[in-house]
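See structure below.
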Amino acid sequence: MIDVLIVGGGPSGLALALMLLKAGVGVRVLEARSQVGGHSRAIGIHPPGLGVLDRLGVGQDLVGEGVRISHGVGMSRRRVIAELDFSFLPALHPFVLSLPQDRTVQSLRDRLAQVDGDALMRGVEFRRFTSRPDHHEVRASGEDGRSLELECRFLIGADGSHSSLREAASIRRTGQAHPDRYVMGDYGDSTGFGPIAALFLHPEGIVESFPLPGGVRRWVARIGTDDRGDLAGLVARRTGHRLDPASNSMHSRFRTASYLVDRMNHGRVVLIGDAAHEISPIGGQGMTLGLLDAEELAPLLSLAVNGRLPGEQVNGLLDRFSSRRLAAARTAARQARVNMALGRPLSPSLVPLRDALASRALASERFSASVARTFTMVNH
């Protein structure tokens, strides 16, 4: 009998496993992939997420490996119209760390192996489960096709937006797909921006540019339904920067959506991270939301497993956990919608007015500080 079985070995699932093991709770993590995938779409870790990783013992190494973004600029018509400074933020890490998610996952895997070498069951895919009065019976399969049967007291879904556990549990979510479409790629950095993030506001749509380790830069451009997704051409036309095709190491398209479950806890089944709340990746808030889910859930599961509270009180605590974390996800989703709206096409005749309003608003220290806290999730 496993105390807590976690489906999904991404950042939130691995973080939860480490926290539970520290509390003396027995844990296993089912992860379908044997190896950590490369070419990560997610790259941003905000200050609250870095705090969680610090407490797990991996934050310092990750900060040393990534790029600290403490400054951002907004550009229009080839000039800077607004700036944001994160260095004043009341946080141990007053910056957004730019680091491909696969590096974060590998670091958490390594840490988990140090704590409990058997905790991560790699190459094992969740199939289905049956609930009993005080536990779950779980069926999974290994890479060789052999069937595995496990029993656990609590079953946690941390398996992303296409969660198999959420589907198996028939947990409904509501939301919508957005019309916004994007193309992104990683190229050698010849911009001279260094560790600065740059947002290029263009009448055709936004282009975002973020530094990555190793002299690489991530470019993200909003595209229309008729665009062929020629990222290098879009960047050149909208920003004036020319990308070297030979330096391209990743290229991808994506669409955006926002979906939330009605509740994260369903008896002894709990969903966290993207399995519970999928928000637009514009703004990069998803990983930090999942890490904060894990940190708030871990002590509640510890209390439940160790029998320190009766079942009714545990259920009440999980209800409140769900309410708080879904409220945080709704806040992040609203911010993501604002981010997307700012990057949509704009009539050229309105560009001077937009630029003037942005410059005037961000010239206010109070407003600029508020925007910086929102973008970095410091208020979460």
Side-chain angles (χ1 to χ4, degrees), residues 4-13 15-16 29-32 41-42 125-141 150 152-180 254-283 285-298 300-301 304 311-312 314-337 340 380:
V4 178
L5 183 64
I6 301 170
V7 180
S12 57
L16 179 61
V29 180
L30 305 185
E31 171 50 53
R41 288 187 176 184
E125 187 172 359
F126 168 84
R127 293 298 183 187
R128 60 183 182 272
F129 75 101
T130 301
S131 293
R132 302 303 182 192
D134 61 350
H135 70 283
H136 300 295
E137 296 171 354
V138 177
R139 181 67 61 88
S141 61
L150 307 99
C152 62
R153 292 183 172 86
F154 283 89
L155 185 56
I156 311 300
D159 50 341
S161 59
H162 301 289
S163 171
S164 297
L165 177 55
R166 187 185 64 234
E167 182 177 347
S170 299
I171 297 174
R172 190 174 68 94
R173 62 177 189 163
T174 57
Q176 63 181 352
H178 301 302
D180 306 84
F254 65 94
R255 303 192 70 165
T256 63
S258 297
Y259 290 99
L260 277 74
V261 295
D262 297 329
R263 289 169 53 220
M264 295 170 69
N265 60 307
H266 296 258
R268 291 174 175 266
V269 175
V270 185
L271 303 179
I272 63 173
D274 288 350
H277 41 69
E278 176 186 359
I279 67 170
S280 166
I282 302 302
Q285 304 170 92
M287 190 193 312
T288 293
L289 277 176
L291 291 171
L292 294 173
D293 287 349
E295 186 166 61
E296 187 165 343
L297 178 61
L300 304 184
L301 293 177
E312 290 185 3
V314 170
N315 290 336
L317 290 172
L318 288 174
D319 286 342
R320 290 191 286 276
F321 155 80
S322 175
S323 296
R324 285 191 298 269
R325 296 311 307 153
L326 287 177
R330 291 186 190 98
T331 297
R334 284 193 296 270
Q335 181 57 43
R337 287 194 293 270
M340 290 189 295
H380 284 251

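Computed from a predicted model, the values in this text were never measured in an experiment. Just so you know, residue 1 is the first one in the sequence shown, and it goes up from there.
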Q | Over 12 foreign heavy atoms within 6.0 Å of CD, Glu137 | A | yes
(Q) Given 3.5 Å as the limit, does a donor-acceptor pair link the side chain of Asp180 with the main chain of Thr256, or not? (A) no
Q: Measure across Ala332 and Gln285 and return the closest heavy-atom pair with its distance rounded to 0.1 Å.
A: O-NE2, 3.0 Å
Q. Any donor-acceptor pair under 3.5 Å linking the side chain of Ser322 with the backbone of Met264?
A. yes
Q | Distance-minimising heavy-atom pair for Arg127 and Ser141 | A | NE-OG, 2.9 Å
Q. Run the side-chain hydrogen bond (donor to acceptor under 3.5 Å, both in side chains) check on His277 and Asp293 step by step: do they pass?
A. CA-CA 10 Å; His277 41 69; Asp293 287 349; 2.6 Å; yes
Q: Show the numbers, then the answer: is there a side chain to side chain contact (heavy atoms under 4.5 Å, CB included) between Arg268 and His135?
A: CA-CA 8 Å; Arg268 291 174 175 266; His135 70 283; over 6 Å; no
Q. Between Ser323 and Arg320, does a side-chain hydrogen bond (donor to acceptor under 3.5 Å, both in side chains) hold up when you go through it step by step?
A. CA-CA 5 Å; Ser323 296; Arg320 290 191 286 276; over 6 Å; no
**Q.** Sole candidate of Phe129, Phe126, Phe154 that passes ring pair (Phe, Tyr, Trp, His ring centres under 6.0 Å) when paired with His136
**A.** Phe129
Q) Which heavy atom of Leu300 sits nearest a heavy atom of Leu317, and at what distance? A) CD1-O, 3.8 Å
(Q) So that I can tick it off, tell me whether Asp262 and Arg172 are bridged by a salt bridge, with the cut-off set at under 4.0 angstrom between side-chain N and carboxylate O. (A) yes
Q: With side chain to side chain contact (heavy atoms under 4.5 Å, CB included) as the test, would you mind laying out the steps for Ile6 and Leu30 before giving the verdict?
A: CA-CA 6 Å; Ile6 301 170; Leu30 305 185; over 6 Å; no
Q) Which pair of heavy atoms, one from Ala276 and one from Leu326, lies closest together, and at what distance? A) O-CD2, 4.4 Å
Q. If only atom types and distance count, is the side chain of Arg166 paired as donor or acceptor with the main-chain N or O of Ala275 below 3.5 Å?
A. yes
Q: Report the C-alpha separation of Leu297 and Leu318 in whole Å, then their side-chain angles, then the decisive distance to 0.1 Å, and conclude whether the side chain to side chain contact (heavy atoms under 4.5 Å, CB included) test is met.
A: CA-CA 8 Å; Leu297 178 61; Leu318 288 174; 3.7 Å; yes
Q: Could you grab the distance from atom CG of Leu5 to atom CD1 of Ile156, nearest 0.5 Å is fine?
A: 9.0 Å
Q) Between the side chain of Asp159 and the main-chain N/O of Ser164, is any donor-acceptor distance below 3.5 Å? A) yes
Q) What's the verdict on side chain to side chain contact (heavy atoms under 4.5 Å, CB included) for Tyr259 and Thr174, showing C-alpha distance, side-chain angles and the deciding distance? A) CA-CA 5 Å; Tyr259 290 99; Thr174 57; 6.0 Å; no
Q. Would you find a donor on one side and an acceptor on the other, under 3.5 Å apart, between the side chain of Arg132 and the backbone of Asp134?
A. no
